Amino acid sequence: MATNVLAGAATATGGPGDGRRRGGRGVRANENIAGWLFVAPVIVILGLFLLLPILMALWVSLTDWNGQGSPFTSQVPFVGTDNYTRLFTEDGLDRRDFMTAIRNNIYYVALVVPTQTVLALGLALVVNNRLLKGKSFFRTAFYFPSVTSSVAISVVFLFLFANSGAVNGLLRMFGISGPQWFADSRGVLHLLLGVVGVDSPPAALTQGGPLGLTWWEWLSGPSVAMMSIISLVVWTTSGTFMLMFLAALQNVPVTLEEASTLDGASRWQRFRHVTLPMIKPTTFLVLTLGLIGSWQVFDQVYVMSQGDPAKTTVTPAYLSYRTAFRDFDYGSGAAISFVLFLIIIVLTLVQRRVMADRDPDRPRWGRRRRRVSEGAAK
Amino acid sequence: MTALADRPATPTRRRGDRGARTLASRFLGYAILVFFSLVFLYPFVIQIGNSLKTEPDAAANPLSPIPDQVVLDGFVRIFTGTNFPVWLGNSLLVTLVATTGRVFFCSLAGYALARLRFRGRSGLFAAVIAVMAVPGVVLLIPKFLVLNQLGIYNSYAGLIVPLLADAAGVFIMKQFFESIPVSVEEAARIDGASIFRTYWSVVLPMAKPALITLTILSFQGTWNEFPHSLVSVQDPNLFTLPRGLADLVSGSLGKGTQYPLKLGAALLATIPVAIIFVFFQRYFVRDANEGADKG
């Protein structure tokens, strides 16, 4: 035990001198070698198939490589940051496609994240109700879609949203004739404006607009086709997030809720002023995980729509794939990947920063916990 | 029930009100739960029903789970008219090898990061955490580049080797090893057991719950893995099930929509994960439900 405490202290201070001293210690003598041997397979695999490829792609994003031969020869034209500037500053098809993808994904995020969060919380609240039985069945039922294959489930939803499919069949029962989901590129916001009588775009909105799209195009809303992908994603992910909320709700002390009831709080007040503040960290986690995840939508787009109709279901992830593997413009594709990477990394860093601030007990980078246990050992 | 029985006998109005309200909220609660169970499960019911229909029947009555007459045409054609058996074999191979590798390599690394004192350990762990944040979809082109450069594009090696380790698995194992008492392995080490022997015969048996969790998560992850198979192979004989399914949908079938066949193939691809989910559910929900009461 004594050796352990000493070794722990040595690592915590972590100077090179400590390392040498540690190396000479009997039982722990060969831990340096063993440690590296134990982690070697993981390092090799992650290094070779994760870090190295990122660096290679960074290089390719600065070239015009077309997929022929190796991208690391002098024949491949080096174009500097052209692939990036074409996405943002040069008017042309590349920027139009990229900005369309960004627009599509923004609407996708704006609908998916709030919907799945509210649905997950609502379901968790109902499942957590102490008066109801059969919780484990409902929990299983709601969670099951989350564990299935995204491709397999996309096939099912293609059938559900087919022109003569189940969704339109259901709508027909209510006297509504459903749209041709995957052929309908009309934006939902445009359709809503149509309902209130705005059928054609006001001239002011079709003249110019930021980043290569007109204001009218920016304000389209998600297309009808995108709505079916959105409903698929909300349907698959809500169960996971419900489990997170459920775990958080079960940690809310019953006595606290009872006390607030005795104080005369209504059910809504109790939810708003007792439950919601107690589960705030989980809510934040669910929101940010949703944000991060919904910038990565790819499988569903690939299987269900391939970006059609009229590019209204293209997302940056799918666009990078298509640019590289269909149009053989690997440089542009890689550049799109890196912009997407940047978006996601920024969201992740924000999340980790805020989570670490909120939850001081949580081990951050593994150091904090060791310091705590070291203190306990002393 | 009790609320119902109480109600006529309650002396004060207040209590009667509350009983009625409890009953109403209980009814509402069940209504919501049943409604959403239908929303979440009925698509699977439709899938099973329609995979057993004829094509005109599926097109005419998509909502009904009951076939006019049960036909196995779709399933017969899955096995005779498509490459499904090949995809199934590839998926089994990839999943078995990748899962075994992941569990072994991740537990090795997790153990080292949790227990062994070696130089660079904390930096390495920080790297693992950082790597966990790298989103898979931005790796599509990079992975293709490296597989191409290494000459293993379009091969089993390219399909399997990159899946042999993942950072999240290392993280799970490290957290678990830190939670078990160190005294047993110390005793083994003092008795002269080598580090690997201590890990293999003393620590691993104690880590069974974490190993099962990791096995199941890896199985589910590699069985469902799609983007990687998309950029690592192009030969149809190397397709895994998700890749093959995606190929079916994008029109390799020829005429007609052939929904019974597609739904059947998707169903067969879902069944293994569904079985594992039903039997090992508590390992799926392990993290989310720590400290939960039995429902």
Side-chain angles (χ1 to χ4, degrees), chain A residues 7 11 19 22 27-28 31-32 34-36 38-39 41-42 45-46 49-50 52-54 56-57 60 123 126 129 131-132 135-136 138 140-142 145 147-149 151-152 155-156 159-160 164-166 169 243-244 247 250 296 298-299 303 317 321 324 333-334 337 340-341 344 348 365-366, chain B residues 26 29 32-33 36-37 40-41 43 46-47 59 62-63 105 108-109 111-112 116-119 122 124-126 129 131 133-135 137-143 145-146 162 164-165 170 189 195 220 224 226-227 242 245-246 249 259 262-263 266 269-270 273 277 281 284-285 288-289 292 295:
Chain A
T11 335
R22 202 165 61 233
V27 178
R28 302 217 175 267
E31 282 195 13
N32 239 330
W36 281 101
F38 273 43
V39 292
V42 170
I45 293 167
L46 292 184
F49 297 105
L50 214 132
L52 178 67
I54 291 176
M56 289 168 79
V60 168
L123 290 176
V126 180
N129 189 333
L131 296 172
L132 303 181
K135 273 177 206 173
S136 59
F138 293 115
T140 309
F142 300 159
V147 302
T148 57
S149 146
V151 175
V155 174
V156 176
F159 176 69
L160 296 182
S164 62
L243 286 184
M244 292 184 186
Q250 282 164 343
Q296 301 183 37
F298 176 81
D299 300 9
V303 176
Y321 169 82
S337 292
L340 178 61
F341 196 8
I344 295 171
T348 308
W365 316 126
Chain B
R26 203 182 281 188
I32 294 172
L33 289 178
F36 277 101
S37 302
F40 283 107
L41 294 182
I46 290 183
Q47 179 186 17
L63 258 178
F105 293 145
L108 265 181
Y111 179 71
L116 303 181
R117 318 269 162 205
F118 60 97
R119 228 176 294 174
S122 53
L124 217 53
F125 183 59
I129 298 278
V131 159
V134 176
V137 289
V138 307
L139 289 173
L140 291 174
I141 300 166
K143 264 190 188 164
L145 291 175
V146 84
L164 284 177
V170 175
R189 292 285 301 286
I195 294 176
Q220 184 226 3
N224 292 341
F226 172 65
L245 268 181
V249 174
Y259 273 118
K262 290 177 191 168
L263 292 172
T270 309
V273 173
F277 177 69
Q281 204 206 125
F284 276 92
V285 300
N289 272 348

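Every value quoted in this text rests on a predicted model; they were computed, and no experiment measured them. Naming convention: chains lettered A, B, ... in sequence-line order (proteins, then strands); numbering from 1 in each chain.
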Structural part of [X] lying under 4.5 Å from a heavy atom of chain B:
X         : result
Leu50(A)  : both
Leu46(A)  : side chain
Thr348(A) : side chain
Ile54(A)  : both

Self-check item: Max heavy-atom pair count under 4.5 Å with chain B, selected residue of Val303(A), Val156(A), Val60(A)
Solution: Val156(A)
Practice problem: Identify which of Ala57(A), Pro41(A), Ala166(A) forms the greatest number of heavy-atom pairs closer than 4.5 Å to chain B. | Solution: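 Ranked by heavy-atom pairs under 4.5 Å with chain B, first place is Ala166(A).
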Would you say the side-chain atoms of [X] pair up with the backbone N or O of [Y], donor to acceptor, closer than 3.5 Å?
X         : Y         : value
Asp299(A) : Pro227(B) : no
Gln296(A) : Val137(B) : no
Gln47(B)  : Leu263(B) : yes
Asn224(B) : Val147(A) : yes

Could you check if a side-chain atom of [X] sits within less than 4.5 angstrom of a side-chain atom of [Y], using non-hydrogen atoms only?
X         : Y         : value
Thr270(B) : Phe277(B) : no
Phe298(A) : Leu140(B) : yes
Arg189(B) : Ile195(B) : yes

Chain A contact via [X] - side chain, backbone, both or neither, heavy atoms under 4.5 Å:
X         : answer
Leu139(B) : side chain
Val134(B) : both
Ile32(B)  : side chain

So which of [options] has the biggest tally of heavy-atom pairs under 4.5 Å with chain A?
options                                  : result
Ser37(B), Ala246(B), Ala133(B)           : Ser37(B)
Gly29(B), Pro135(B), Ala59(B), Pro242(B) : Pro135(B)
Pro162(B), Ala109(B), Ala112(B)          : Pro162(B)
Val170(B), Leu164(B), Leu33(B)           : Leu33(B)

Practice problem: List for me each residue that meets ring pair (Phe, Tyr, Trp, His ring centres under 6.0 Å) alongside Phe138(A), sequence neighbours excluded, and say none if there are none. | Solution: none
Exercise. Working to the nearest 0.5 Å, report the span between OG1 of Thr148(A) and CD of Gln220(B).
Key: 8.5 Å
